[in-house]
Amino acid sequence: MFSGRPSQAESGDFEPGPKPRSASIIPPSPPVLAGPHQDDHHHFFVMPWFRGDDLRRALARGLDRKFALLACASAIEGVSHAHSLGLIHRDVKPDNILLDADSRGSIADFDLVHDEHSPIASQTQAGAGTYAYAAPEQHKATRQTDARADVYGAGMSALFVLLGEDPPPLVALAEPERIDTMPCDASLRAAIRGAIAYDRNQRTTTCAGLVAAIREFAQRGVPEVVPAPTVAMPQVIRAKRGGVELVRIPGGQFAMGSSQGEGDDDERPRHIVELASFYLARTPVTNAQYREYLAAKPQALKLKYWGDGEYNQPSQPVVGVSWEEA
């Protein structure tokens, strides 16, 4: 767990939302209480208990937005410190920013960390991290990610605090207007835009630069967030077809493809795709249900594990289905 040093902005006078203890006194970085220890194949050390919950829950409870931004900045400074040690976190998000009793943030959850100095290559597969906060390059090959992936997650986390909700995935491409209307000054807006650029080569913001922009903005005062117009959520429609419960997924848009210089030729140019509404089974298809399909279609391909008692029990989800048969 890493936390940055408090700045003058963090120790200034301001009123938090739910009362953190001793708001004007920011404690030093959390110490290691004991360790390192080993239990069988598990290595661990003991850290203090963080009373303030994670950043997401704290904001939902009504934590003052200025306090939330400063907690985010402190955690991002911890990420920057990890980078100086050759460590890449690869899962920076509000849920992994823990707050102590004074609402001071530290970055936690190093399950996906990559050590640049380690002779052993990371075994983490592509797609690791949390989709909305993971850098685009992490969806392809996490072994090739560098510190700029953490910058992306840090920028999205700051955006989360400003918006008061999860930013749309790939917001810089899908909904750039969300960045233009953020309740912050031009300097912080530019820093976040530079942190969450889709192409990592265009990420002009560093963790240190983002921390500075957040603290400068917080020191001047954080305005109240004006809620976005309420959009009525589409009604969830359920239906049963052949004993399978289906849920209607409303249509919408998403950004498909890779930016220039990334991905394969058939993945460019990146473009917006609109999907019509469709139905999706609420639960996985079971072996019992798939047997009905096979009975109705004897010519269907036999499944890879169909005769394996470990996988073919009636209530188990069917496995070994080819793309065509699915």
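Quick note: residue numbers are just sequence positions, from 1.
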For Cys184 and Leu162, work out which heavy atoms get closest and say how close.
SG-CD1, 4.0 Å
Can you confirm whether Arg291 is buried at CZ, in the sense that more than 12 heavy atoms of other residues, nucleotides or ligands lie under 6.0 Å from that atom?
yes
Should Phe44 and Val113 be counted in the same cluster of Ile, Leu, Val, Met, Phe, Trp and Tyr side chains packed under 4.5 Å apart?
no
Are any of the side-chain nitrogens in Arg51 or Asp100 under 4.0 Å away from the carboxylate oxygens of its partner?
no
Shortest non-hydrogen pair, Ser103 vs Leu63, comes out as OG-CD1, 3.6 Å
Do NZ/NE/NH1/NH2 and the carboxylate oxygens of Asp180 and Arg193 come within less than 4.0 Å?
yes
Side chain to side chain contact (heavy atoms under 4.5 Å, CB included) between Leu59 and Arg65, intermediate numbers included
CA-CA 7 Å; Leu59 199 61; Arg65 202 163 303 273; 4.2 Å; yes
Taking Lys297 first and then Glu292, would you say they form a salt bridge - that is, a charged N and a carboxylate O separated by under 4.0 Å?
no
N/O donor-acceptor pair under 3.5 Å between Thr286 side chain and Pro317 backbone
no
Closest heavy-atom pair and its distance - Ile88, Thr145
CD1-O, 3.7 Å
Check this for me: His37, atom NE2, are more than 12 non-hydrogen atoms of other residues, nucleotides or ligands nearer than 6.0 Å?
yes
Flag, side chain of His89 to backbone of Ala108, donor-acceptor distance under 3.5 Å:
yes
Met47 and Phe45: CA distance, side-chain angles, deciding distance, side chain to side chain contact (heavy atoms under 4.5 Å, CB included) verdict:
CA-CA 7 Å; Met47 297 291 290; Phe45 55 89; 3.3 Å; yes
Could you go through the side chain to side chain contact (heavy atoms under 4.5 Å, CB included) check for Leu99 and Phe67 one step at a time?
CA-CA 10 Å; Leu99 278 61; Phe67 236 104; over 6 Å; no
Spell out, as yes or no, whether a donor-acceptor pair under 3.5 Å connects the side chain of Gln219 to the backbone of Glu216.
no
What about Phe160 and Val151, same hydrophobic cluster or not, with Ile/Leu/Val/Met/Phe/Trp/Tyr joined at side-chain heavy-atom distances under 4.5 Å?
no
Verify the cluster assignment for Val244 and Val319: are they in a single hydrophobic cluster under the rule of side-chain heavy atoms below 4.5 Å apart?
no
Assigning hydrophobic clusters by single linkage (Ile, Leu, Val, Met, Phe, Trp, Tyr; side-chain heavy-atom cutoff under 4.5 Å), is Ile107 placed with Trp49?
no
Full working for salt bridge (charged side-chain N to carboxylate O under 4.0 Å, His left out) between Arg90 and Asp150
CA-CA 6 Å; Arg90 300 195 296 188; Asp150 287 348; over 6 Å; no
Electrostatic pair Arg56:Glu165 at N-O distance under 4.0 angstrom:
no
For Tyr133 and Asp166, does a side-chain donor sit closer than 3.5 Å to a side-chain acceptor?
yes
In sequence, state the C-alpha distance, the side-chain angles, and the governing distance for Met182 and Leu159, and then conclude on side chain to side chain contact (heavy atoms under 4.5 Å, CB included).
CA-CA 8 Å; Met182 284 189 302; Leu159 186 55; 2.8 Å; yes
Glu77 side-chain N/O to Cys207 backbone N/O, donor-acceptor pair under 3.5 Å
no
Heavy atoms, side chains only, cut-off 4.5 Å: are Trp306 and Tyr311 in contact?
no
Quick one: does any side-chain atom of Thr181 pair with a main-chain N or O of Glu177 as donor and acceptor, under 3.5 Å?
yes
Looking only at non-hydrogen atoms, find the nearest pair between Gly155 and Ile192 and report the distance.
O-CG2, 3.9 Å
So, Thr205 side chain and Ala191 main chain: donor-acceptor pair closer than 3.5 Å or not?
yes
Using the rule that Ile, Leu, Val, Met, Phe, Trp and Tyr join whenever any side-chain heavy atoms are under 4.5 Å apart, tell me whether Tyr305 and Leu294 fall into a single cluster.
no
Closer than 3.5 angstrom, by distance alone: can the side chain of Asp54 be matched with the main-chain N or O of Asn96 as a donor-acceptor pair?
no
Would you find a donor on one side and an acceptor on the other, under 3.5 Å apart, between the side chain of Ser157 and the backbone of Gly153?
yes
Is the shortest side-chain N to carboxylate O distance from Asp64 to Lys66 below 4.0 Å?
no
Do the side chain of Arg178 and the main chain of Val171 share a donor and acceptor less than 3.5 angstrom apart?
no
Has Gln313 got a side-chain atom pairing as donor or acceptor with Gly309's backbone, closer than 3.5 angstrom?
yes
Over all atoms of both residues, closest heavy-atom pair of Tyr152 and Ile196:
CE1-O, 3.3 Å
